[in-house]
Amino acid sequence: MLVIKRFSELSFNEAISLWNESWKHYFSDMTMDLNRFLQKVTGEGISLENSVAAVYEGKLAGFVLNSFRTINGKQYVWNGGTAIAPDYRGMGIGKKLISVCLEIYEEQNVDIARLEAIKENETAIKLYEKMGYQTFEELAFMQHVGEISVYQGLGSNVTVKNADMQEIKSLPFFEPLTAWQTQFQSLKDFSCAVAIDGEKTIGYAVYKKGFKETGELAGIVLYQCGVNPEYHLEEEATANLINFAFAPEEGAVRRLTMNVPKKDDALNRLLNEAGFTKFVEQVHMERPIKKEMESQAAKTFSEID
């Protein structure tokens, strides 16, 4: 017998045990300790009350985590993890969990549901497509280890300086609908920079530097990099922002990008030229919720008439 519970009904030990068991034999190592799991929940705004866990014949079998945000006046929900324990895969539990989540999304007045899935995970992608999700872009994690070459011959008109989050959010070309984990609400201890040509701000970058206990730089992660689409030197502005975010160039430091859209031609081309390589590719999928509710309501009323 299959029972669906709210994730908040689980104890902390049950929660971390279910998380780690459900990710076994996955495409990458997703296991973590309880402290990291709690950091994920708080950092990504996971609502345990509106997340679900499957219990099959008294044993925890899988889960879906959900997070909600209002962006540009619309209510979004993000699937922060769907996984089924190995012993229970292929039994339709994932489909049941997603179905229950869609009901929760309706209850929470969600406009649009989003998720990311590993591009190689064809089984999961097919399930999401059956449940009404469609891919609207592809994303990539890229990395570079070691010294990095800076871009030469950059125009002197463009300068880059430190900025704050509010300055970036006020830009007319700022894009708040990036991948969930790269949005400001998901980030902690990050830095911001803006690119300026004359008196006009023409681009921005959001990144984070990590340090060893000794104080040495350990790594740098680039979360966002955007340039005004009306600016005539997009590649030049992007190169300046990359240089600023990933400086200093000396030293064997690991540099990462998180969920960079593959459609961002200038950024991807420059990262490739600098020696970055893709190590994870994902599909970004979404599904309208309110539109379906409205169409179902209209159909019901027409049948009554």
Side-chain angles (χ1 to χ4, degrees), residues 4-56 59-69 77-89 93-94 97-98 101 114-121 123-124 128 139-143 145 178-190 207-213 218-223 253-260 278-284:
I4 305 299
K5 286 185 174 184
R6 296 298 173 113
F7 206 93
S8 55
E9 297 178 56
L10 307 184
S11 68
F12 284 145
N13 286 336
E14 287 175 325
I16 192 60
S17 176
L18 175 60
W19 173 275
N20 288 331
E21 182 65 24
S22 299
W23 289 117
K24 281 185 176 178
H25 314 307
Y26 191 61
F27 291 88
S28 56
D29 185 6
M30 299 286 287
T31 59
M32 59 181 71
D33 59 21
L34 180 58
N35 185 52
R36 282 187 60 204
F37 177 75
L38 294 176
Q39 288 177 355
K40 172 184 173 66
V41 169
T42 55
E44 296 171 358
I46 302 294
S47 170
L48 298 181
E49 296 80 9
N50 291 303
S51 298
V52 292
V55 182
Y56 185 79
K59 294 184 179 180
L60 292 168
F63 66 88
V64 176
L65 299 182
N66 294 310
S67 181
F68 301 81
R69 284 177 188 159
V77 64
W78 175 65
N79 179 328
T82 295
I84 308 298
D87 290 345
Y88 305 99
R89 291 172 187 166
I93 292 176
L97 285 168
I98 297 295
C101 284
R114 283 193 168 189
L115 58 84
E116 300 106 32
I118 300 291
K119 191 175 179 180
E120 299 169 292
N121 195 349
T123 301
Y128 295 134
L139 307 166
F141 285 75
M142 303 179 75
Q143 67 178 341
V145 180
T178 56
W180 201 268
Q181 292 169 306
T182 68
Q183 294 173 14
F184 281 122
Q185 300 97 314
S186 298
L187 305 181
K188 183 180 179 182
D189 300 327
F190 58 90
Y207 61 98
K208 178 179 181 177
K209 293 188 176 184
F211 297 87
K212 301 176 184 177
E213 291 182 0
I220 306 170
V221 183
L222 180 68
Y223 296 107
V253 175
R254 190 183 188 202
R255 294 167 173 85
L256 301 172
T257 67
M258 179 176 281
N259 277 331
V260 169
K278 296 182 180 72
F279 67 97
V280 175
E281 293 184 271
Q282 297 198 111
V283 293
H284 206 178

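In what follows, residues are counted from 1 in the order of the sequence shown.
Contacts of Glu281 classified as salt bridge (charged side-chain N to carboxylate O under 4.0 Å, His left out), with partners at least two apart in sequence or in another chain: Lys262.
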Go through the steps for Leu97 and Ile93 under the test side-chain contact (heavy atoms from CB on, under 4.5 Å), then give the verdict. CA-CA 6 Å; Leu97 285 168; Ile93 292 176; 4.0 Å; yes
Given side-chain contact (heavy atoms from CB on, under 4.5 Å), test Gln282 with Lys119 step by step and report yes or no. CA-CA 5 Å; Gln282 297 198 111; Lys119 191 175 179 180; 5.9 Å; no
Set out, in order, the CA-CA distance, both residues' side-chain angles and the distance that settles side-chain contact (heavy atoms from CB on, under 4.5 Å) for Tyr128 and Val283, then state yes or no. CA-CA 11 Å; Tyr128 295 134; Val283 293; over 6 Å; no
Step by step, work out the side-chain contact (heavy atoms from CB on, under 4.5 Å) result for Tyr223 and Thr178. CA-CA 9 Å; Tyr223 296 107; Thr178 56; over 6 Å; no
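Separating the NZ atom in Lys209 from the CD1 atom in Ile220 is a distance of 5.0 Å, to the nearest 0.5 Å. Rounded to the nearest 0.5 Å, atoms OH (Tyr56) and CG (Asp87) are 11.5 Å apart. If you take NZ on Lys40 and OG on Ser67, they are separated by 9.0 Å, rounding to the nearest 0.5 Å. Between the NZ atom in Lys59 and the CG atom in Leu18 there is a gap of 14.0 Å [rounded to 0.5 Å]. For the atom pair CG of Leu48 and OG of Ser8, the computed distance is 6.5 Å after rounding to the nearest 0.5 Å. Atom CZ of residue Arg6 and atom CG of residue Asn50 lie 5.5 Å apart, to the nearest 0.5 angstrom.
For the residue pair Asn259 and Glu116, the shortest heavy atom distance occurs at ND2-OE1, 4.2 Å. Closest heavy-atom contact between Lys208 and Asp189: CG-O, 3.5 Å. Nearest heavy atoms, Phe37 versus Ile16: CB-CD1, 3.6 Å. The nearest pair of heavy atoms linking Ala179 to Leu139 is CB-CD1, 4.1 Å. Across all their heavy atoms, Leu115 and Trp78 have their closest contact at CA-CD1, 4.1 Å. The two residues Ser22 and Ala61 have their closest heavy-atom pair at OG-O, 4.3 Å.
Of the options Gln185, Gln181, Gln183, a side-chain hydrogen bond (donor to acceptor under 3.5 Å, both in side chains) to Glu44 is made by Gln181 and by none of the others.
The aromatic rings of Trp23 and Phe63 lie perpendicular to each other, with more than 60° between the two planes, well past the 30° mark.
Counting heavy atoms from C-beta on, the side chains of Phe141 and Met258 come closer than 4.5 Å. Within the 4.5 Å cutoff, no side-chain heavy atoms of Cys101 are placed close to those of Asn79. The closest side-chain heavy-atom distance from Phe27 to Val280 is not below 4.5 Å.
Of the possible donor and acceptor atoms, one in the side chain of Trp19 sits under 3.5 Å from a partner among the backbone N and O of Met30. Proximity of a side-chain donor or acceptor of Ser186 to a complementary backbone N or O of Thr182 within less than 3.5 Å is not detected. With hydrogens and angles ignored, the 3.5 Å screen pairs no side-chain donor or acceptor of Thr82 with any backbone N or O of Val64.
For Phe190 and Phe184, the ring centers are positioned less than 6.0 Å apart.
For Phe211, the CZ atom sits in a packed shell: over 12 heavy atoms of surrounding residues, nucleotides or ligands are nearer than 6.0 Å.
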